[in-house]
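All residue numbers in this chain count up from 1 along the given sequence. Given the structure is predicted, the values throughout are model-derived calculations rather than measurements.
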Amino acid sequence: MQPMSPELIDRQIDTLPELYGQELPCLLSRAKDIALPQGIRRIYAVGNGDSYHAALSAAQAFAQWTCVDYRPVPAFTFFTKEMQRMCPEERDATLVVCISASGSSSLAQSILKETAARGLAHTLSVTGRTGSPMDQCAEGVLPAVIREQGRSPGIRTYAASLCALLALAGRMSTAEDRLDCLRAWISESAQGLAQTIARSRQAVVQAARWDWPHAMVLGCDGLLGCAQFIVAKLAEGCGVLGVAQELEEWCHVESMTYPLTAPMILLAGDASTCQQAIKAATVARKTGRPVLSICALEDQGLSEASDISVSLGLREPGPLEPLYAYIPGTLLARALGDKLGRAMFLSDLPYSLF
């Protein structure tokens, strides 16, 4: 394998203003015309890796906008365990959504085929390739297709998959103008993305100077899924192990682990979780852990409790915050890759793991 430079992260991040300004709004427009089954009361969102992280990140939108029982499940767990628990009697009220950027996942294809064959649920494919093998296995298709500008390290495709799931939540919402509001909000947000990226780059240059034996990445609700995505980019981009945890749960468990100076990345969330984020930052810094906090808008209390704080420049993002909060953490993976002299995906090793 040819060594893959962490510079690939920069290349994808630099396309985000165009992606959010043009392609994601178009994706949302297309979603308005997709045929969906009626009477759905439960949705399984199934995927691996970044697709699963997108499913987790979308949970807040389904909780706030719909009355649907939304269940993100890793694909292997769903295929080997959850399918055995499903009842054909609930088929008409159940939707299995399989997510994959490539649309070629053999496990997802098996899930879609088996779900239909056993009469367990309606099926929907969310993929980044039109006419993909997964699309051909599903009852319905919700495209997450964007222009390909490098499939690795999956930054653009995470955004597209998450946006498609937000579109599905919007379609399930009782608010008829939900998709139009989403499209306008995301399109407008693109105007400030270049500044957000610049602020994030400045912050991670400082954060990369810290010693990173591992990383703690904290979030709540949809931002916990976003935290898992950041952990994945740290692993893929620079080989640094990360642990994603909920804001209060970290205080109960991981706060007591060595080395006590391992840094924390804190996804603070809205006003209802910000005080808990400040508490976690305060506990972390007592032992010498440096804290990089990420928030929608600058918060003085959080800034004072953190070593470095990054504002995303977003007003009232709500369930859309996971669509933006990954940016600083992903750029940190790039900076650490340079600092540590590592290629992405262990591609500088003389063998391949898979």
Quiz item: Ignoring hydrogens and geometry, is there a side-chain-to-backbone donor-acceptor pair from Ser200 to Ile327 under 3.5 Å?
Solution: no

Quiz item: So, does Arg285 use its side chain to make a donor-acceptor pair with the main chain of Val291 at under 3.5 Å?
Solution: no

Self-check item: Expected output: side-chain Arg289 to main-chain Ser255 donor-acceptor under 3.5 Å
Solution: yes

Quiz item: Distance-only, no hydrogens or angles: does the Thr257 side chain make a donor-acceptor pair with backbone N or O of Val253 under 3.5 Å?
Solution: no

Quiz item: Does a donor on one side chain and an acceptor on the other come within less than 3.5 Å for Ser293 and Ser309?
Solution: yes

Quiz prompt | Distance, nearest 0.5 Å, that separates CG of Leu297 from CG of Asp270 | solution = 11.5 Å

Exercise. Would you confirm whether Ser57, through its side chain, and Cys226, through its main-chain N or O, come within 3.5 Å as a donor-acceptor pair?
Key: yes

Quiz item: Given side chains that start at C-beta, do those of Gln149 and Gln12 come closer than 4.5 Å, heavy atoms only?
Solution: no

Self-check item: Lys/Arg-Asp/Glu bridge criterion (N-O < 4.0 Å) met for Glu148, Arg156
Solution: no

Exercise. Ignoring hydrogens and angles, tell me if any N or O in the side chain of Thr287 forms a donor-acceptor pair with the backbone of Ala284 under 3.5 Å.
Key: yes

Practice problem: Kindly say whether Ala207 contributes a backbone atom to a donor-acceptor pair with the side chain of Trp212 at under 3.5 angstrom? | Solution: yes

Self-check item: Other residues, nucleotides, ligands: >12 heavy atoms within 6.0 Å of Gln64 CD
Solution: yes

Quiz item: More than 12 foreign heavy atoms under 6.0 Å from CZ of Arg41: is that the case here?
Solution: no

Quiz item: Is a side-chain N or O of Thr66 found less than 3.5 angstrom from the main chain of Ala169, in a donor-acceptor match?
Solution: no

Exercise. Can you label the angle between the His53 ring and the Phe229 ring as parallel, tilted or perpendicular, going by 30° and 60°?
Key: perpendicular

Exercise. Check the pair Ser189 / Tyr324 against side chain to side chain donor-acceptor pair (under 3.5 Å), numbers first and verdict last.
Key: CA-CA 10 Å; Ser189 76; Tyr324 304 85; 2.6 Å; yes

Exercise. Would you please test Gln206 and Gln202 for side chain to side chain donor-acceptor pair (under 3.5 Å) and show each step?
Key: CA-CA 7 Å; Gln206 300 175 58; Gln202 290 175 354; over 6 Å; no

Quiz item: Does atom CD of Glu176 have more than 12 heavy-atom neighbours from other groups under 6.0 Å away?
Solution: no

Quiz item: For Ala208, does its backbone N or O pair with a side-chain atom of Lys339 as donor and acceptor, under 3.5 Å?
Solution: yes

Quiz item: Do the charged groups of Glu82 and Arg42 touch, with an N to O distance under 4.0 Å?
Solution: no

Quiz item: Between CG of Leu120 and CD1 of Ile111, what distance do you get to the nearest 0.5 Å?
Solution: 11.5 Å

Quiz item: Which pair of non-hydrogen atoms, one from Pro17 and one from Ala190, has the smallest distance, and what is that distance?
Solution: O-CB, 3.5 Å

Exercise. Considering only NZ, NE, NH1 and NH2 on the basic side and carboxylate oxygens on the acidic side, decide whether Asp50 and Lys233 come within less than 4.0 Å.
Key: yes

Self-check item: Residue that, paired with Thr330, satisfies side chain to side chain contact (heavy atoms under 4.5 Å, CB included) out of Ile155, Val204, Asp10
Solution: Ile155

Practice problem: Give, for atom NE2 of His214 and atom CG of Asp211, the distance between the pair rounded to the nearest 0.5 Å. | Solution: 10.0 Å

Exercise. Using atom types as modelled and distance alone, determine if a side-chain donor or acceptor of Arg30 lies under 3.5 Å from a backbone N or O of Val145.
Key: yes

Practice problem: Mark yes when over 12 heavy atoms from residues, nucleotides or ligands other than Glu248 sit less than 6.0 Å from its CD; otherwise mark no. | Solution: yes

